[in-house]
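Comments concern the structure below.
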Amino acid sequence: MVAIVRAPGSNFSLGETSGLYGQPNYQIALQQHERYCQALEYCGLTLTRLPPDMAHPDSTFVEDTAIITPRCAIMSRPGAASRLGEIEDMRKVLRGFYSQLHEIQPPGTLDGGDICEAGEHFFIGISDRTNQAGAQQLANVLSDYGYTHDFVDIRGLAGLLHLKSGIAYLGENRLMLVDALIDHPAFQGYEVIRVDPQENYAANCVRVNDHVLIASAYPHLSARLEQLGYRLIELDMSEFRKMDGGLSCLSLRIPG
Ligand code: GLY
């Protein structure tokens, strides 16, 4: 398995942000990013490390630029105007991995952070970044490859920039969900781990082989996952949180 990562540039703090958590410290962000990379390598992934992209301050959040599946990849079309150009470089990188590379087309917009893969099924968030046209285009491509999907409209749900701000699929039919999503019909039939509201940020975790990478300092959720038998790697995400970024956003993970 390969993961594509991109270190933040020194203008990282100029990216999109609600500003709720203060100004990020660039040097600390670099250190946190490096620890994240080391954790992926520890879990057995081979990294493709891209250089900082100073034209796009949010470009460290590579997950938003594409949707990766075992059968195809789809270039996104980010919903924030400042991020649209991020896909140009990533398209070239992904051509090295995929012969089947699709594209979300205007007027569709779609951020990878709105897409949660759960095996053969995909949850497609409709948000302030991903519009209905983009969501439908993605659904059509996924259907062509035999995948199923549900749409999940998160517009108006406080605290959820992206669908994956509030959900993670851990494998074996198990979902981690924040309260705002817990009653959505798309998630019925799954075993659900409920996230305490004060720990919502940690819902955006990533299962990588035998480990779960999770934001540090969320003790209730960590304890619950350990009770369930998961091996955790806790990572300080403070500087990325200040830019409204989650843990999954920092990599594009390519199966195989
Ligand atoms: N800063 C991450 C985003 O807003 O897309």
Side-chain angles (χ1 to χ4, degrees), residues 3-33 36-37 50-68 74-91 104 106 108-116 123-131 134-135 138 152-168 178 180 200-206 213 215 235-253:
I4 301 171
V5 294
R6 189 192 288 283
S10 57
N11 61 353
F12 171 60
S13 65
L14 301 180
E16 304 285 333
T17 179
S18 58
L20 287 173
Y21 303 102
Q23 279 278 321
N25 177 298
Y26 178 56
Q27 291 306 324
I28 298 174
L30 281 180
Q31 290 165 13
Q32 292 179 351
H33 191 267
Y36 179 91
C37 292
L50 307 179
D53 172 1
M54 294 296 287
H56 300 101
D58 273 315
S59 56
T60 191
F61 300 119
V62 289
E63 185 183 56
D64 288 319
T65 61
I67 294 82
I68 300 293
I74 302 103
M75 298 308 306
S76 73
R77 191 165 177 275
S82 67
R83 302 197 60 186
L84 264 176
E86 290 179 29
I87 63 165
E88 302 305 328
D89 208 29
M90 191 58 77
R91 183 189 293 113
I104 300 298
T109 63
L110 184 137
D111 279 14
D114 275 319
I115 315 306
C116 178
F123 301 110
I124 303 176
I126 298 173
S127 68
D128 291 340
R129 299 288 181 87
T130 296
N131 64 17
L138 177 66
V152 181
D153 192 340
I154 63 164
R155 289 172 294 184
L157 298 184
L160 296 184
L161 171 64
H162 290 126
L163 176 62
K164 283 209 286 198
S165 309
I167 180 174
V178 298
N200 276 355
Y201 180 73
N204 178 258
C205 63
V206 181
L213 275 55
L235 294 166
D236 190 347
M237 294 291 298
S238 64
E239 305 316 292
F240 297 98
R241 188 184 193 198
K242 289 173 184 170
M243 298 307 296
D244 295 343
L247 189 150
S248 73
C249 311
L250 291 181
S251 60
L252 266 177
R253 299 161 302 278

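In what follows, every heavy atom counts, from backbone to side chain, and hydrogens, waters and symmetry copies are set aside. In each ligand, atom 1 is the first atom listed, and ligand 1 is the first ligand listed.
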> Are the side chain of R77 and the backbone N or O of I104 linked by a donor-acceptor pair below 3.5 Å?
Replying inline: no

> Which residues satisfy the salt bridge (charged side-chain N to carboxylate O under 4.0 Å, His left out) test with E86, sequence neighbours excluded?
Replying inline: R83

Which protein N or O atoms sit under 3.5 Å from any N or O of ligand 1? Give each pair with its distance.
from     : atom 1 : to   : atom 2 : distance (Å)
ligand 1 : 1 (N)  : E16  : O      : 2.7
ligand 1 : 1 (N)  : D58  : OD1    : 2.7
ligand 1 : 1 (N)  : M243 : O      : 2.6
ligand 1 : 4 (O)  : R129 : NH2    : 2.7
ligand 1 : 5 (O)  : R83  : NH1    : 2.6
ligand 1 : 5 (O)  : R129 : NH1    : 2.8
ligand 1 : 5 (O)  : R129 : NH2    : 3.4

Extract all donor-acceptor atom pairs below 3.5 Å that involve side chains of residues 123-131 and protein atoms in other chains or at least two apart in sequence.
from : atom 1 : to   : atom 2 : distance (Å)
S127 : OG     : D114 : OD2    : 2.6
S127 : OG     : R129 : N      : 3.0
S127 : OG     : T130 : N      : 3.0
R129 : NH1    : D111 : OD2    : 3.1
T130 : OG1    : D111 : N      : 3.0
T130 : OG1    : D114 : OD2    : 2.6
N131 : OD1    : T109 : N      : 3.0
N131 : OD1    : A133 : N      : 3.3
N131 : OD1    : G134 : N      : 2.7
N131 : ND2    : P107 : O      : 2.9
N131 : ND2    : T109 : OG1    : 3.4

> Closest approach of G113 and D64, non-hydrogen atoms and distance?
Replying inline: N-OD1, 2.8 Å

>> I need the full list of side chain to side chain donor-acceptor pair (under 3.5 Å) pairs touching residues 12-23, with sequence neighbours left out, sorted by first then second residue.
In response: E16-S82, S18-D244, Y21-R241

> How long is the gap from CD1 on I154 to CG on L163, to the nearest 0.5 Å?
Replying inline: 5.5 Å

